[in-house]
Amino acid sequence: MNKKSKITTTFFVFLFLFSVDIWSQNYNIHYYGIVSKDLDSNMAKMTSDLYFTQLSEINNFSVEDKRESPLLENQPDVVLFSEESLAFFAKISKNNSDESWSVEFHLIDKKNDEEHIKKKNYASFYKILMESKNELKETIKQLIENDKGSSIQISTQKNKESEQKNQNKNTKYNENTDIEEKSQESQKTVSLESLSGTWKGDENIDKIVILRGGRGFVIFNNGASMNILIKNSPTSPNQILVTQNSKSNASFFPELPRNIALQAAVHAQPIQWILNILDENTLQGVKQTLLPDGDNYINGEIPVEWNKK
């Protein structure tokens, strides 16, 4: 082997080892949620929960939920960050000129006084929700690898009064969170936790995302999004109830002609799916919704099957 070949081989071996090393390490990440002035509470809740779920499912990531609320107006204070963990949050903004959206992913390494930022643009808010877990993983990887131009120095100098104020605020939040988590934990079952993930179901639905804690959302083929609540059926241990948790929208009733759906949505009851758990990847049952009845509509049921992607 000549000298040039040895150099080339050495380079690629080094590159491979570096790539392996990134994902052979374990990373502790504190998740602080979404910062935005353009999202409403429902949009923020869906996006914030989605990012947390996707982060938690990435191998080698130990993710701790540090959110004070689903939506923050301002960037989290550096004082709250730990030097023992990386801090992560996303800033989302709408570009009014063309209705597109931008997301800035922030990864803060307080110990080394560094903040890594990567910005991505999306044609619509719907595209943000559609992005896969692997895309988020790749973004985090690029931030951890410290892309050139993604790192800026952060200031960690805060006066004692400000630091104490934030510590008190954080302590109060942690106490409230502990109480809330214990309450939620008592209501959770193993079956619900095992169902978290992305599902494909009804004919007019693009995907269903079930999050930990009995929440989730539905994305329809027409672009509409619906928040849902998931709970165990009181009558059967192998059955779940999935219930609409958003204000009714005509787009939630694709089975109806548009003009009828617009009228029906005003007084419609929440849509509900009654699903039997066949296994962790298959749900079967019925969807209780509005169905066409000539020039009118009626309450009815549609047989459905959901399959985990």
Side-chain angles (χ1 to χ4, degrees), residues 34 36 38-51 53-54 70 92-103 120-133 135 195 197-211 215-230 241-275 283-309:
I34 301 297
S36 180
D38 296 320
L39 295 177
D40 61 32
S41 58
N42 286 334
M43 295 164 72
K45 176 67 175 173
M46 281 194 297
T47 315
S48 185
D49 287 348
L50 178 63
Y51 281 157
T53 298
Q54 290 181 333
I92 300 178
S93 59
K94 183 177 182 180
N95 304 313
N96 294 323
S97 59
D98 58 3
E99 298 298 310
S100 64
W101 292 77
S102 299
V103 181
K120 300 184 71 174
N121 296 314
Y122 301 83
S124 66
F125 178 72
Y126 171 69
K127 294 292 185 181
I128 297 176
L129 299 178
M130 288 293 293
E131 190 162 68
S132 69
K133 177 180 68 177
E135 289 290 335
L195 297 178
T198 304
W199 296 74
K200 179 67 178 177
D202 309 16
E203 178 183 359
N204 296 303
I205 288 177
D206 181 69
K207 70 174 179 179
I208 306 106
V209 177
I210 297 179
L211 305 169
R215 294 182 179 272
F217 58 88
V218 172
I219 302 293
F220 290 85
N221 289 337
N222 57 27
S225 61
M226 172 203 293
N227 290 339
I228 53 175
L229 294 176
I230 304 98
L241 305 178
V242 180
T243 308
Q244 171 188 334
N245 192 37
S246 297
K247 183 179 179 181
S248 283
N249 185 316
S251 297
F252 294 173
F253 305 101
E255 297 84 2
L256 298 177
R258 183 65 179 177
N259 62 321
I260 297 177
L262 288 169
Q263 298 174 18
V266 178
H267 302 294
Q269 294 296 313
I271 296 170
Q272 186 172 71
W273 290 263
I274 303 174
L275 302 171
L283 305 173
Q284 282 185 350
V286 295
K287 174 185 180 182
Q288 296 180 338
T289 185
L290 299 180
L291 299 176
D293 183 29
D295 293 332
N296 209 329
Y297 60 89
I298 58 172
N299 291 309
E301 293 184 348
I302 303 173
V304 294
E305 179 175 316
W306 290 8
N307 296 289
K308 202 169 191 179
K309 289 186 176 181

Mark yes or no for whether [X], through its side chain, and [Y], through its backbone, hold a donor-acceptor pair below 3.5 Å.
X	Y	value
Gln244	Pro270	no
Asn95	Ser97	no
Lys207	Phe217	no
Asp40	Met43	yes
Asn204	Pro254	no

Legend entry - Side chains of Ile34 and Tyr51 in contact at under 4.5 Å (non-hydrogen atoms): yes

Legend entry - Side-chain heavy atoms of Lys287 within contact of Ile271, under 4.5 Å: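 SC-SC contact between Lys287 and Ile271 confirmed.
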
Inset, instruction - Determine the interplanar angle of the Trp306 and Trp199 rings, folded into 0 to 90°, and report it as parallel if under 30°, tilted if 30 to 60°, perpendicular if over 60°. - result: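 Correct class here is tilted.
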
Show the atom names and distances, to 0.1 Å, of all donor-acceptor pairs under 3.5 Å that link a side chain in residues 297-305 to residues at least two apart or in another chain.
residue : atom : partner : partner atom : Å
Glu301  : OE2  : Gln288  : NE2          : 3.1
Glu305  : OE1  : Gln284  : NE2          : 2.7
Glu305  : OE2  : Asn307  : ND2          : 3.3

Inset, instruction - Please check if atom NZ in Lys127 has more than 12 non-hydrogen atoms from other residues, nucleotides or ligands closer than 6.0 Å. - result: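 For Lys127, atom NZ is not crowded (no more than 12 foreign heavy atoms under 6.0 Å).
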
Legend entry - Minimum-distance pair of heavy atoms, taken over all atoms of Ile219 and Ile205: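 It is O-CG2, 3.5 Å.
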
Legend entry - Check against side chain to side chain donor-acceptor pair (under 3.5 Å), Ser100 and Asp98: CA-CA 5 Å; Ser100 64; Asp98 58 3; 2.7 Å; yes

Inset, instruction - For the pair Asp49 and Arg215, find out whether any cationic side-chain nitrogen is under 4.0 Å from an anionic carboxylate oxygen. - result: no

Legend entry - Candidate list Val218, Leu50, Ile228, test side chain to side chain contact (heavy atoms under 4.5 Å, CB included), partner Val209, passing option: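 For Val209, the side chain to side chain contact (heavy atoms under 4.5 Å, CB included) check succeeds only for Leu50.
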
